[in-house]
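See below for the structure under consideration.
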Amino acid sequence: MSEAKIAAKEPAIQTLKTGTYYWCSCGLSKDQPFCDGSHEGSDFKPVAFEITETKQVALCQCKRTATPPFCDGKHRDL
Ligand code: FES
């Protein structure tokens, strides 16, 4: 599997409402940090996650987190 593109070296801090979201794992989406279908034809798949109450989250954009879709601070090492 090839390496994901680094979309940004900082997390996307967003307030999300209840619902299902699809985090971009390939780094190619133009709608970061969410999947826009740009992974088509690659080995990457979006990561679905549920938000059960409105809350602020830090979503990984460097695509190197060990806890997708959430930032684990790995961007600081890049
Ligand atoms: S666009 Fe990156 S996983 Fe879909």
Side-chain angles (χ1 to χ4, degrees):
M1 186 188 255
S2 53
E3 239 187 3
K5 180 175 181 279
I6 296 171
K9 291 184 181 176
E10 61 185 10
I13 311 293
Q14 297 204 351
T15 301
L16 298 182
K17 295 183 179 146
T18 302
T20 303
Y21 296 86
Y22 296 88
W23 175 77
C24 167
S25 67
C26 72
L28 297 175
S29 173
K30 299 274 186 283
D31 187 30
Q32 291 296 329
F34 304 108
C35 175
D36 72 352
S38 296
H39 64 271
E40 265 317 306
S42 75
D43 295 331
F44 292 95
K45 297 264 186 301
V47 174
F49 65 102
E50 302 283 338
I51 295 292
T52 54
E53 60 183 19
T54 299
K55 66 176 175 181
Q56 193 177 67
V57 292
L59 297 167
C60 172
Q61 298 194 102
C62 76
K63 314 304 176 184
R64 300 297 185 271
T65 182
T67 57
F70 304 106
C71 174
D72 70 353
K74 191 72 59 58
H75 61 274
R76 293 191 203 106
D77 301 334
L78 300 173

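Note on Ile51: it clusters hydrophobically with Phe34, by side-chain heavy-atom contacts below 4.5 Å among ILVMFWY residues. Neither Tyr22 nor Leu16 shares a network with the other; the hydrophobic side chains, linked directly or stepwise wherever heavy atoms of I, L, V, M, F, W or Y lie under 4.5 Å apart, form separate groups for each.
Looking only at distances, no side-chain donor or acceptor of Gln56 sits under 3.5 Å from a matching main-chain atom of Thr15.
Between Ala58 and Pro11, the shortest heavy-atom contact is CB-CB, 4.1 Å. When every heavy atom of Trp23 is checked against every heavy atom of Pro69, the shortest pair comes out as CG-CB, 3.3 Å. For the residue pair Pro33 and Gln14, the shortest heavy atom distance occurs at CD-NE2, 3.7 Å. Gln32 approaches Ala7 most closely through the heavy-atom pair CD-CB, 3.6 Å.
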| task | Apply side chain to side chain contact (heavy atoms under 4.5 Å, CB included) to the pair Leu59 and Phe70, showing each step before the final yes or no. | result | CA-CA 4 Å; Leu59 297 167; Phe70 304 106; 4.0 Å; yes

| request: Take Phe44 and Cys24 through the test side chain to side chain contact (heavy atoms under 4.5 Å, CB included) and record every step on the way to the result. | output: CA-CA 9 Å; Phe44 292 95; Cys24 167; over 6 Å; no

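Interatomic distance, CG of Leu78 versus CD of Glu10, reported as 12.5 Å (0.5 Å rounding). Arg76 contributes atom CZ, which lies 6.5 Å from atom SG of Cys71 (distance to the nearest 0.5 angstrom). The line from OG1 of Thr67 to NZ of Lys74 is 8.0 Å long, rounded to the nearest 0.5 Å. Once rounded to the nearest 0.5 Å, the distance linking CD of Gln61 with NZ of Lys5 reads 10.5 Å.
Side-chain contact check for Pro46 versus His39: some heavy-atom pair is nearer than 4.5 Å. Between Arg64 and Ile6 the shortest side-chain heavy-atom distance falls below 4.5 Å.
Of the charged side-chain nitrogens involved, none lies within less than 4.0 Å of a carboxylate oxygen, so that Lys63 and Glu3 do not count as a salt-bridged pair.
For Phe49 and Tyr21, the gap between ring centers is short of 6.0 Å.
Using modelled atom types, one finds a donor on one side chain and an acceptor on the other under 3.5 Å when comparing Asp36 with Ser38.
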